[in-house]
*Asks:* 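Take a look at the following structure, please.
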There are 2 protein chains.
Amino acid sequence: MSNQGAEAAACCDVAQSALTEDAAVEMAAAFKALGDPVRLRLLSMIATAQAEQGVCVCELTPAFALSQPTISHHLKQLRQAGLIACERRGTWVYYWVMPGAIERLTAVLAGTVGEPAPVSV
Amino acid sequence: MSNQGAEAAACCDVAQSALTEDAAVEMAAAFKALGDPVRLRLLSMIATAQAEQGVCVCELTPAFALSQPTISHHLKQLRQAGLIACERRGTWVYYWVMPGAIERLTAVLAGTVGEPAPVSV
DNA sequence: GACTTGTATCGATTGTTGTCAATACAAGGT
DNA sequence: ACCTTGTATTGACAACAATCGATACAAGTC
């Protein structure tokens, strides 16, 4: 059953109209960052309390039964996924949600179920 | 710096208005399923080609440079995450996207950045 | 400058995940 | 009944990820 792919590609290749491999790699990295309960809660907390100036790490850490290095590690993951950003203000570090990051994810999900692929913007 | 959480909770606990831990665990499992390029493409292909009757596995497998067991394994992950469902028709197995599954994810993302939590529906 | 507090990084460990080859199961054709 | 083809499961292994304690760095206070 090895290359019956040729056959399938001949008539109607399902792969063409869906996500490209590159786009999938990029978006999967973002979804993977959300694929952990701690990170999902962190993002939610940051987004919810994002009054104006961002949320201090010192408010996030005590909400979990995890060590401080672990929380710091998860924040780094979210940062590297492009979902949040941070800035040091004096002793404290403040985090906020990257504008547009969430929208990009929902766009992919919407495109996944609806239109061909709104990957462009 | 151990329980300065008490202090934070006293005035304005960030954790209250965000996702609950249980909700986070549940949703993170779904996002985790999307956190792999292969699975994201599979879902996209299934959703895109979801003309009427679902997509045959034999159309999905040849689109990847992976073994058949590996694709089958990823399909199982998506199934267990409640994102897709399948049915056997004679020799072939057809997959389709679970209605409402994508919408539930986008709702969480929207809630994460916007309103308190539209998790209800 | 020494001390304290908040945050990040390092190194190690343990659990999880992606992948494959081998095999089993399901269904149709001979 | 046997063979062929499509799909799922099993078992193994290498790669990765989540967690921690220890430590380093940054900035403020004495």
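By convention in this document, chain letters (A, B, ...) are assigned in the order of the sequence lines, proteins followed by strands, and residues within each chain are numbered from 1.
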*Asks:* When you compare the protein's N or O atoms with those of nucleotides 19-26 of chain D, which come within less than 3.5 Å of each other, and at what distance?
*Replies:*
unit_1, atom_1, unit_2, atom_2, d
dT19(D), OP2, H74(A), NE2, 2.3
dC20(D), OP2, S67(A), N, 2.9
dC20(D), OP2, S67(A), OG, 2.9
dC20(D), OP2, T70(A), OG1, 2.7

*Asks:* List for me each residue that meets side-chain contact (heavy atoms from CB on, under 4.5 Å) alongside E26(B), sequence neighbours excluded, and say none if there are none.
*Replies:*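 E26(B) satisfies side-chain contact (heavy atoms from CB on, under 4.5 Å) with no residue once adjacent residues are dropped.
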
*Asks:* Within this structure, what is the CG-to-C1' distance between L42(B) and dT7(D), rounded to whole angstrom?
*Replies:*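 After rounding, the reported distance stands at 14 Å.
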
*Asks:* In chain order, what residues pass the side-chain contact (heavy atoms from CB on, under 4.5 Å) check against A30(A), with sequence neighbours excluded?
*Replies:*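 Once residues adjacent in sequence are excluded, the partners of A30(A) under the side-chain contact (heavy atoms from CB on, under 4.5 Å) criterion are L105(A).
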
*Asks:* To the nearest 0.5 Å, what is the distance between CD1 (I71(A)) and OG1 (T61(A))?
*Replies:*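 Rounded to the nearest 0.5 Å, the CD1-OG1 separation comes out at 6.0 Å.
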
*Asks:* Separation of Q80(A) atom CD from dA17(D) atom C1', in whole Å?
*Replies:*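 Taking CD of Q80(A) and C1' of dA17(D), I get 13 Å after rounding.
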
*Asks:* Nearest whole Å is fine: how far is dT7(C) C1' from L75(A) CG?
*Replies:*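 In whole Å, dT7(C) C1' lies 10 Å from L75(A) CG.
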
*Asks:* If you round to the nearest 0.5 Å, how far is CG of L109(A) from CG of L83(B)?
*Replies:*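 L83(B) atom CG to L109(A) atom CG measures 9.5 Å (nearest 0.5 Å).
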
*Asks:* Can you list the residues that meet the side-chain contact (heavy atoms from CB on, under 4.5 Å) rule with T70(B), with sequence neighbours excluded?
*Replies:*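 For T70(B), the residues satisfying side-chain contact (heavy atoms from CB on, under 4.5 Å) (neighbours in sequence not counted) are L66(B), S67(B), H74(B).
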
*Asks:* Over how many whole Å does the gap from R79(A) atom CZ to dT9(C) atom C1' extend?
*Replies:*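 Rounding to the nearest Å, CZ of R79(A) and C1' of dT9(C) are 11 Å apart.
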
*Asks:* Working to the nearest 0.5 angstrom, can you tell me the gap between T48(A) OG1 and L19(B) CG?
*Replies:*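 That separation rounds to 8.0 Å.
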
*Asks:* Return the value, rounded to whole Å, for the distance between atom CD of E87(B) and atom P of dA26(C).
*Replies:*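 Going from CD in E87(B) over to P in dA26(C) covers 17 Å.
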
*Asks:* How far does CZ of R41(A) sit from OG1 of T20(B), to the nearest 0.5 angstrom?
*Replies:*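 Reported to 0.5 Å precision, the distance equals 8.0 Å.
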
*Asks:* Atom CD1 of I71(A) to atom P of dT9(C): distance rounded to whole Å?
*Replies:*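 Rounded to whole Å, this separation is 15 Å.
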
*Asks:* Report yes if at least one side-chain N or O of Y95(B) is closer than 4.0 Å to OP1 or OP2 of dA8(D); otherwise report no.
*Replies:*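 Answer is yes, contact under 4.0 Å.
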
*Asks:* What is the distance from NZ of K76(B) to P of dG18(C), rounded to the nearest Å?
*Replies:*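 Rounded to the whole Å, the gap is 13 Å.
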
*Asks:* Going by side-chain contact (heavy atoms from CB on, under 4.5 Å), name the residues that satisfy it together with R88(A), two or more places apart in sequence or in a different chain.
*Replies:*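 Per chain and number, R88(A) pairs via side-chain contact (heavy atoms from CB on, under 4.5 Å) with V93(A).
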
*Asks:* Which residue is it: I84(B), L60(B), V97(B)? I am looking for the one with a side-chain contact (heavy atoms from CB on, under 4.5 Å) to V55(B).
*Replies:*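 With V55(B) as partner, side-chain contact (heavy atoms from CB on, under 4.5 Å) holds for just one option, L60(B).
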
*Asks:* Going 5' to 3' through nucleotides 11-16 of chain C, assign each nucleotide B (protein heavy atom under 4.0 Å from a base atom), S (under 4.0 Å only from sugar-phosphate atoms) or - (no protein heavy atom that close).
*Replies:* ------

*Asks:* Take atom CD of Q77(A) and atom C1' of dT9(C), then tell me their distance rounded to the nearest Å.
*Replies:*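 Atom-to-atom, Q77(A) to dT9(C), this comes out as 14 Å.
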
